[in-house]
Amino acid sequence: MASIRKVAIIGAGGNFGIPITKALRTAGFDLTIISRLESQTKLPDDIPVIRTTYDLQGLTAALRNQDAVVNVVGPAGLPLQKTMIDAAEAAGVQRFVLDDFGRAPSQTGLPDLEPMGASRREILEYARQKASSNLAFTWSAVAIGIPALKKFPTMGFDIVNRSAIIYDKGTEPFTGVTLAGIGQSVVGILQQPDQTANKHLCVQSLQTCQNEILEAFETVSRQTWKVKNSTSAELIARGRARKEAGEGVGTGSGGWPVV
Ligand SMILES: NC(=O)c1ccc[n+]([C@@H]2O[C@H](COP(=O)([O-])OP(=O)(O)OC[C@H]3O[C@@H](n4cnc5c(N)ncnc54)[C@H](OP(=O)(O)O)[C@@H]3O)[C@@H](O)[C@H]2O)c1
């Protein structure tokens, strides 16, 4: 497969778009940002921007001469992804990085999140079929687990007040990815197109648990933190109550889960 140099990024000014764009730029890719005609998003001044309608014709014209597309639009734009894939194929793009950045396909989650998982699996299948019927088109997707602690201030740690809520035993392991790590994962995909073609890749910056994070905070602050214990069952019940009240997953600021 030819090496990838020219990269179009859709959704460059978002939560994940910013660190991905920064990482791609640092890695030396030739970037173009694709944005909606009506967009009010602040975008970098020094990267070319194509503003277009998000239909097949507009997107195909915008994506011509690009080697790869990175799609990182917010949840409201996800229904457009099949059109974006069709446009990338029509424009002769060789790699489409899917707007996934969620769980690995093998991971099971809460039934409440199933509709989100189902729509992502549908897109994955669509990209798979496209790649099997057209060998010039390839896709990649990234599973990130829990993103940046900074984006989840309610995850249990109150740095200002030196207090923590520890759920269950606090020893349950989870993986996490920094925002810089998310950017680096996309760079890795595009720098190694043969190894990453038609693959859903799982990335992590670290594997840890709440007790380890608490210990690290106590060590660097040289202070014993106030600890309150709770359970994941309570957290889930609270999240479900908020969802019932119309404040559920995806309705937080920037689409971040609300608990
Ligand atoms: N694993 C996790 O926990 C986790 C957490 C957060 C996000 N994610 C996933 O990461 C991806 C990106 O999320 P994000 O939070 O970075 O997105 P975001 O910041 O909410 O939005 C990114 C960009 O999407 C574009 N956009 C917004 N609404 C749109 C619409 N209706 N149609 C088309 N484009 C639209 C805008 O770009 P323009 O204004 O330039 O058009 C916006 O700047 C999503 O797939 C999201 O589900 C996963």
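In each ligand, atom 1 is the first atom listed, and ligand 1 is the first ligand listed. What you see is a predicted model; the values in this text were computed from it and never measured.
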*Can you check whether F16 has an N/O within less than 3.5 Å of an N/O in ligand 1?*
yes
_Among D99, D86, N71, D100, side-chain hydrogen bond (donor to acceptor under 3.5 Å, both in side chains) partner for Q81_ = N71
*asked:* With heavy-atom distances below 4.0 Å as the criterion, list the atoms of ligand 1 near L80.
replied: 32 (N), 33 (C)
_side chain to side chain contact (heavy atoms under 4.5 Å, CB included) partners of L80, counting only residues at least two apart_ = Y54, M84
*Using a strict cut-off of 4.0 Å, indicate which atoms of ligand 1 neighbour a heavy atom of V72.*
12 (C), 22 (C)
*Could you check V49, L63, V69 and say which one makes a side-chain contact (heavy atoms from CB on, under 4.5 Å) with I34?*
L63
*Taking N or O atoms only and a 3.5 Å limit, does D99 qualify as a polar contact for ligand 1?*
yes
_Proximal atoms of ligand 1 relative to I144 (non-hydrogen, under 4.0 Å)_ = 1 (N)
*Parallel, tilted or perpendicular, as decided by the 30° and 60° cut-offs, for the rings of W225 and F217*: parallel
_Taking the cut-offs as 6.0 angstrom to the six-membered ring centre and 45 degrees off its axis, would you call K82 and Y126 a cation-pi pair?_
yes
*Option of least heavy-atom distance to atom 18 (P) of ligand 1 (set: P75, G74, A143)*: G74
*asked:* Within the structure, is a non-hydrogen atom of I33 found at a distance of less than 4.0 Å from ligand 1?
replied: no
*R120 near ligand 1, heavy-atom distance under 4.0 Å?*
yes
*Quick one: does F101 get an N or O within less than 3.5 Å of an N or O on ligand 1?*
yes
*Against heavy atoms of D100, which atoms of ligand 1 measure under 4.0 Å?*
9 (C), 45 (O)
*By side chain to side chain contact (heavy atoms under 4.5 Å, CB included), which residues pair with A12, not counting sequence neighbours?*
I9, T21, I33, L43
*Thinking salt bridges, do R5 and D30 make one under a 4.0 Å N-O criterion?*
yes
*asked:* Heavy-atom distances under 4.0 Å decide this one: backbone, side chain, both or neither, for Q81 against ligand 1?
replied: neither
*Consider only side-chain heavy atoms of I, L, V, M, F, W and Y, link residues closer than 4.5 Å, and tell whether V70 and L179 are in one cluster.*
yes
